[in-house]
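A short write-up of the structure that comes next.
Here the structure is a predicted model, which is why all the values come from computation and not from measurement.
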Amino acid sequence: MKNKNQQAGDAVSLVYQCALPLSTRTVQYVTDLLRKHLKAIRSRWRSLPAGRIVVIVLAVLRHDQRAADLAGGNGIAATTIRRWIDEVVALLAAGAPRLDRALAKVARRGGEAVLIDGTLIPTRRRTGRKNYSGKHKRHGLHFVALTDERGRLIWISAARPGRTHDITAARHDHIVEHLKAAGLGALADLGFLGLDKDCNNQVVVTGYKATRARKLTTGQKTANRIIAAGRAPVEHGFAHLKTWRILTKLRTSRARATNLLRALLVLTNLELDR
């Protein structure tokens with residue numbers, strides 16, 4: 001990965017290199033994916049080989065490198081790099097599992113429950129009230145994700161406005177119905193309280209919430225601690241996902257953000273499997 005800067009009035013171009021902390025297996029997987037795609041669309045020529053294209057795209061995703069800087073260091077146009085990013089992200093996102101298939105896979109492996117949580121990905125630009133989260137006091141896009149009991153990400157929802165509540169997003173994706181179809185349960189925080197109202201066959205466990213008129217009993221406090229301990233791995237899953245620095249502040253639309261998050265889910269799991 002190279003970055004090229006040129007000072008005003010200076011004819012000398014300076015190029016520096018930095019390491020890309022990703023496994024060879026991940027780079028090779030994405031390279032093979034791109035080569036297969038280029039063969040399918042009969043694209044005989046690109047400005048750079050598939051391997052170098054992939055390294056540039058992964059540099060943008062991992063380090064949030066500016067396309068203009070990478071363009072200067074590699075002697076190509078910034079618009080070309082942006083086009084490559086969209087192309088590779090779309091290829092990776094196509095490999096992200098659907099909700100029903102992800103849950104069915106967990107069930108086949110003998111899993112009994114999944115972990116569910118929502119998160120806000122900050123946006124760089126102010127995009128109106130609908131993307132402002134009162135909970136986080138900032139603008140962003142809202143996502144719901146599921147992990148297995150070890151905290152490995154298995155599914156991520158579409159991007160929604162930052163003001164969306166966790167329970168609203170979960171209802172929109174029919175998560176409870178999919179859990180019941182797969183025969184799985186789920187642990188969630190109090191943001192999902194009331195998601196599953198079926199007292200006879202409740203699959204989503206959220207713990208207890210205190211109010212001004214009703215304090216929690218000792219047993220309820222103990223139950224909340226047990227649920228919180230069981231939910232801890234979901235935070236590890238989000239932490240792995242957010243090592244991709246392009247998520248520091250998104251600069252894209254909701255549709256592209258959905259593709260980006262699903263592509264990063266695939267890449268994150270590739271890195272964890274090495």
With rounding to the nearest 0.5 angstrom, report the [atom1] to [atom2] distance, [X] to [Y].
X	Y	atom1	atom2	result
Q65	L70	CD	CG	5.0 Å
R171	D196	CZ	CG	10.5 Å
I81	R66	CD1	CZ	11.0 Å
T164	L141	OG1	CG	9.0 Å
L48	I53	CG	CD1	6.0 Å
I246	I121	CD1	CD1	11.5 Å

Side-chain ([X]) to main-chain ([Y]) donor-acceptor, under 3.5 angstrom:
X	Y	answer
T80	I76	no
Q202	K197	no
S43	K39	no
K221	T218	no

query: Going through the checks in order, is the side-chain contact (heavy atoms from CB on, under 4.5 Å) test met by R152 and N269?
result: CA-CA 7 Å; R152 178 189 175 90; N269 287 338; 3.4 Å; yes

task: For the pair L33 and H37, evaluate side-chain contact (heavy atoms from CB on, under 4.5 Å) and give the outcome as yes or no after the intermediate values.
output: CA-CA 6 Å; L33 193 65; H37 170 69; over 6 Å; no

- prompt: Is the count of non-hydrogen atoms from other residues, nucleotides or ligands lying under 6.0 Å from K180 atom NZ greater than 12?
  reply: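 Enclosed: over 12 neighbouring heavy atoms sit under 6.0 Å from NZ of K180.
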
message: More than 12 heavy atoms of other residues, nucleotides or ligands under 6.0 Å from OH of Y208: yes or no?
response: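 Counting neighbours around OH of Y208, 12 or fewer heavy atoms of other residues, nucleotides or ligands fall under 6.0 Å, so no.
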
Regarding [X] and [Y], is there a side-chain donor-to-acceptor distance under 3.5 Å anywhere?
X	Y	value
R52	N74	yes
R160	H172	yes
H178	D173	no
R62	T243	yes
T119	K242	yes

Which atom names give the shortest non-hydrogen contact between [X] and [Y], and what distance separates them?
X	Y	answer
A59	L20	CA-CD1, 3.8 Å
L179	V114	CD2-CG2, 3.7 Å
A182	L103	CB-CB, 3.8 Å
R35	Q28	NH1-NE2, 4.0 Å
I116	A186	CG2-CB, 4.3 Å
A71	A77	CB-C, 3.7 Å

Hphob cluster co-occupancy, [X] + [Y], side-chain heavy atoms under 4.5 angstrom:
X	Y	result
F143	L120	no
V204	L193	no
W84	L38	yes
L22	L261	yes
I154	L187	no

Quick one, [X] and [Y] - any side-chain contact, counting heavy atoms below 4.5 Å?
X	Y	result
R138	P122	yes
E271	S23	yes
T206	L195	no
R262	L92	no
L260	L250	yes
L190	K209	yes
N131	R163	no

- request: Would you list the pairs meeting salt bridge (Lys or Arg N to Asp or Glu O under 4.0 Å) in which at least one residue belongs to residues 76-97, sequence neighbours left out?
  value: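 Only R46-E87, D86-R256 qualify under salt bridge (Lys or Arg N to Asp or Glu O under 4.0 Å).
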
task: Only pairs at least two apart or in different chains count here, so list each salt bridge (Lys or Arg N to Asp or Glu O under 4.0 Å) that has a residue in residues 91-117.
output: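 Those involving residues 91-117 are R98-D100, R109-D148, D117-R231.
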
- prompt: Which is it for L153 and L241 under the side-chain contact (heavy atoms from CB on, under 4.5 Å) test, yes or no, and what are the steps along the way?
  reply: CA-CA 8 Å; L153 287 164; L241 184 67; 3.8 Å; yes

- prompt: Does a salt bridge link D64 with R251, judged by any charged N lying under 4.0 Å from a carboxylate O?
  reply: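 The answer is yes: the pair qualifies as a salt bridge.
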
query: Can you check side-chain hydrogen bond (donor to acceptor under 3.5 Å, both in side chains) on H142 and D166, steps first, answer last?
result: CA-CA 8 Å; H142 180 272; D166 291 342; 2.6 Å; yes

task: Could you go through the side-chain contact (heavy atoms from CB on, under 4.5 Å) check for L99 and L146 one step at a time?
output: CA-CA 9 Å; L99 178 56; L146 298 181; 3.4 Å; yes

task: For side-chain hydrogen bond (donor to acceptor under 3.5 Å, both in side chains), just list the numbers for N224 and Q220, CA-CA rounded to whole Å, side-chain angles, deciding distance to a tenth of an Å, and then say yes or no.
output: CA-CA 6 Å; N224 281 352; Q220 289 172 335; over 6 Å; no

